[in-house]
Trainee: 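Mind looking over this structure? Questions follow.
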Amino acid sequence: MSKPTTIDIDAIVRSRMGSRARWLPRFVTRWLEGYIHQDYINAFLKKGLVGVPFCEGVIEQLSVHLTVEGLEHLAADARPMTFVSNHPLGAIDGVTLGAIVGRHYDGRVKYLVNDLLMNLEGLAPLCVPVNKLGAQSRSLPQQVDAAFRSDNHIIMFPAGLCSRRTGGQIRDIPWRKAFIKKSIETRRDIVPVHFIAQNSDRFYRIAAWQQRLGIKFNIAMTLLPDEMYRSRGQHYTVRFGRPIPCSTFDTSRPLHDWAQWVQDQVYAL
């Protein structure tokens with residue numbers, strides 16, 4: 001247990017805006033606080049849970065029901081592996097995998113995540129921030145390499161953002177190849193994970209309009225706390241496939257093609 005902490009949206013936003021923060025009206029951040037359900041989130045954070053218990057606590061708080069399949073493929077004493085999953089929800093899928101994999105492997109798990117999540121002190125010990133800005137980014141390759149060379153299992157969402165709806169189908173964008181490259185370098189087998197879930201129609205409509213209008217700012221990402229709040233009482237299925245030996249990823253294909261091949265294996269589960 002750690003000292004109970006809370007999030008302060010006003011402080012976070014102003015710290016990221018720097019000198020421009022003085023022009024930001026307080027009513028804007030008050031609206032944001034309500035929109036992301038800051039009071040609801042802080043009521044949970046005050047419990048002071050840390051690491052895997054934090055992930056399990058989020059699931060309990062939201063009364064999420066889970067069906068987990070394929071854990072029999074994963075030996076409890078397995079050497080460190082890379083778990084790669086589709087990213088349908090953008091929030092609850094992350095903490096769910098942390099809870100399942102972390103419990104199965106006695107807390108030996110790390111995420112590669114957006115650095116915004118480092119504001120959640122209960123989750124931060126499990127995180128390796130992958131998009132630090134400015135001077136802090138200089139140590140990023142070393143942080144990622146250290147994580148892959150540790151005895152922790154790594155959880156990654158190779159799409160880099162949550163799934164979108166295209167042609168009536170909800171699916172990740174093409175996966176990035178970094179998980180293949182680092183797993184080959186560190187001799188980690190790769191475990192495909194299919195998380196069966198979806199966000200609200202509102203989320204996909206807004207994401208589609210953002211793309212059509214060419215808006216670079218990820219508006220859809222700002223909806224994720226509310227999407228997580230809406231997930232209360234939902235049922236999700238998580239399927240773990242058999243580990244894919246790292247020796248599979250030979251030079252017969254470019255790394256990018258191997259990444260798409262693994263993505264196809266995930267959706268075939």
Side-chain angles (χ1 to χ4, degrees), residues 32 35-37 55 58-59 62 64 66-67 82-98 100 111-117 120 123 127-131 133 154-181 190-241 254-269:
L32 283 172
Y35 186 72
I36 72 155
H37 309 284
C55 297
V58 171
I59 296 170
L62 294 170
V64 166
L66 297 171
T67 297
T82 305
F83 289 76
V84 292
S85 175
N86 62 314
H87 204 13
L89 302 179
I92 192 66
D93 42 4
V95 294
T96 297
L97 291 185
I100 297 170
Y111 296 99
L112 270 66
V113 301
N114 188 303
D115 71 318
L116 282 171
L117 292 179
L120 298 175
L123 190 63
C127 297
V128 179
V130 298
N131 61 339
L133 302 175
I154 301 294
I155 296 174
M156 295 183 67
F157 296 98
L161 75 166
C162 60
S163 308
R164 299 298 193 257
R165 183 165 58 196
T166 304
Q169 182 183 31
I170 296 171
R171 186 180 171 100
D172 282 2
I173 63 172
W175 282 9
R176 300 172 183 175
K177 65 183 181 182
F179 77 96
I180 297 283
K181 181 175 184 294
I190 292 176
V191 180
V193 185
H194 190 189
F195 201 109
I196 301 172
Q198 66 181 54
N199 281 319
S200 68
D201 286 339
R202 177 199 63 167
F203 175 86
Y204 299 113
R205 286 197 304 269
I206 291 176
W209 276 109
Q210 175 189 323
Q211 182 177 14
R212 291 189 191 105
L213 296 174
I215 299 173
K216 293 183 179 180
F217 176 72
N218 191 351
I219 298 173
M221 184 178 68
T222 67
L223 304 175
L224 294 181
D226 187 54
E227 290 292 325
M228 188 170 186
Y229 185 78
R230 291 172 176 228
S231 71
R232 291 171 298 160
Q234 294 296 311
H235 178 270
Y236 304 122
T237 297
V238 185
R239 291 179 181 155
F240 291 86
L255 296 185
H256 177 270
D257 289 355
W258 276 124
Q260 308 323 306
W261 180 82
V262 175
Q263 184 180 7
D264 289 340
Q265 302 309 302
V266 162
Y267 282 101
L269 288 174

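Starting from 1, each residue takes its place in the sequence as its number.
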Trainee: Any heavy-atom pair between the side chains of L123 and C55 that's under 4.5 Å?
Mentor: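 Result yes, sub-4.5 Å side-chain heavy-atom pair found.
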Trainee: Give a yes or no answer on whether the side chain of D93 reaches the backbone of A91 with a donor-acceptor pair at less than 3.5 Å.
Mentor: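 Looks like yes, one N/O pair under 3.5 Å.
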Trainee: Do you know which two heavy atoms are closest between L224 and G90, and how far apart they sit?
Mentor: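 Taking every non-hydrogen atom into account, CD1-O, 3.7 Å.
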Trainee: Which heavy atom in L112 sits nearest to a heavy atom in M156, and how many Å separate them?
Mentor: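 Heavy-atom minimum between the residues: CD2-CE, 4.0 Å.
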Trainee: If we ignore hydrogens and angles and just use 3.5 Å, is the side chain of Y111 paired with the main-chain N or O of G94 as donor and acceptor?
Mentor: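 Such a contact is found between Y111 side chain and G94 backbone.
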Trainee: By the definition ring-ring contact (aromatic ring centres under 6.0 Å, His included), identify the one residue from F240, Y236, F83, Y267 that meets it with H194.
Mentor: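 Among F240, Y236, F83, Y267, the one that satisfies the ring-ring contact (aromatic ring centres under 6.0 Å, His included) with H194 is Y267.
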Trainee: By the definition side chain to side chain contact (heavy atoms under 4.5 Å, CB included), identify the one residue from L89, N199, I92 that meets it with E227.
Mentor: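 Running side chain to side chain contact (heavy atoms under 4.5 Å, CB included) over L89, N199, I92 with E227 returns exactly one hit, N199.
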Trainee: Just so I know, are the side chains of H37 and P225 near enough to count as touching, which here means a heavy-atom distance under 4.5 Å?
Mentor: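 Counting from C-beta outward, H37 and P225 never come under 4.5 Å.
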Trainee: Mark yes when over 12 heavy atoms from residues, nucleotides or ligands other than R176 sit less than 6.0 Å from its CZ; otherwise mark no.
Mentor: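 Not buried by this count: 12 neighbours or fewer within 6.0 Å.
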Trainee: Closest approach of R202 and D226, non-hydrogen atoms and distance?
Mentor: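 Reported closest heavy-atom pair: NH2-OD2, 2.9 Å.
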Trainee: Find the distance between CE (M228) and CG (L62) and round it off to the nearest 0.5 Å.
Mentor: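 Rounded to the nearest 0.5 Å, the CE-CG separation comes to 5.0 Å.
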Trainee: What are the two closest heavy atoms between S85 and P158, and how far apart are they?
Mentor: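 What the structure gives for the nearest pair is O-CD, 3.6 Å.
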Trainee: Are the side chains of V266 and F195 in contact, using a 4.5 Å heavy-atom criterion?
Mentor: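 Result no, sub-4.5 Å side-chain heavy-atom pair not found.
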Trainee: Considering all heavy atoms of both residues, which atom of R165 and which atom of Y204 are nearest to each other, and what is their separation?
Mentor: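 It is NH2-CB, 3.6 Å.
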Trainee: So, taking the atom named CD1 in I190 and the one named CD1 in I154, what distance separates them when rounded to the nearest 0.5 Å?
Mentor: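 I190 CD1 to I154 CD1: 12.0 Å, rounded to 0.5 Å.
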Trainee: Indicate yes or no for a side-chain donor-acceptor contact from N86 to the backbone of R171 under 3.5 Å, with no hydrogens or angles considered.
Mentor: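 No, the answer is negative, given that no donor and acceptor are paired below the 3.5 Å cut-off.
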Trainee: At their closest point, which heavy atom of I59 faces which heavy atom of V95, and how far apart are they?
Mentor: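 Distance-wise, the nearest heavy atoms are CD1-O, 4.4 Å.
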Trainee: Working to the nearest 0.5 angstrom, can you tell me the gap between C162 SG and I170 CD1?
Mentor: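 Going from the SG atom of C162 to the CD1 atom of I170 covers 10.5 Å.
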Trainee: Donor-acceptor pair, Q198 side chain versus P88 backbone, under 3.5 Å?
Mentor: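 A pair under 3.5 Å: no.
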Trainee: Would you find a donor on one side and an acceptor on the other, under 3.5 Å apart, between the side chain of Q263 and the backbone of A259?
Mentor: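 No, because the side chain of Q263 does not come within donor-acceptor range (under 3.5 Å) of the backbone of A259.
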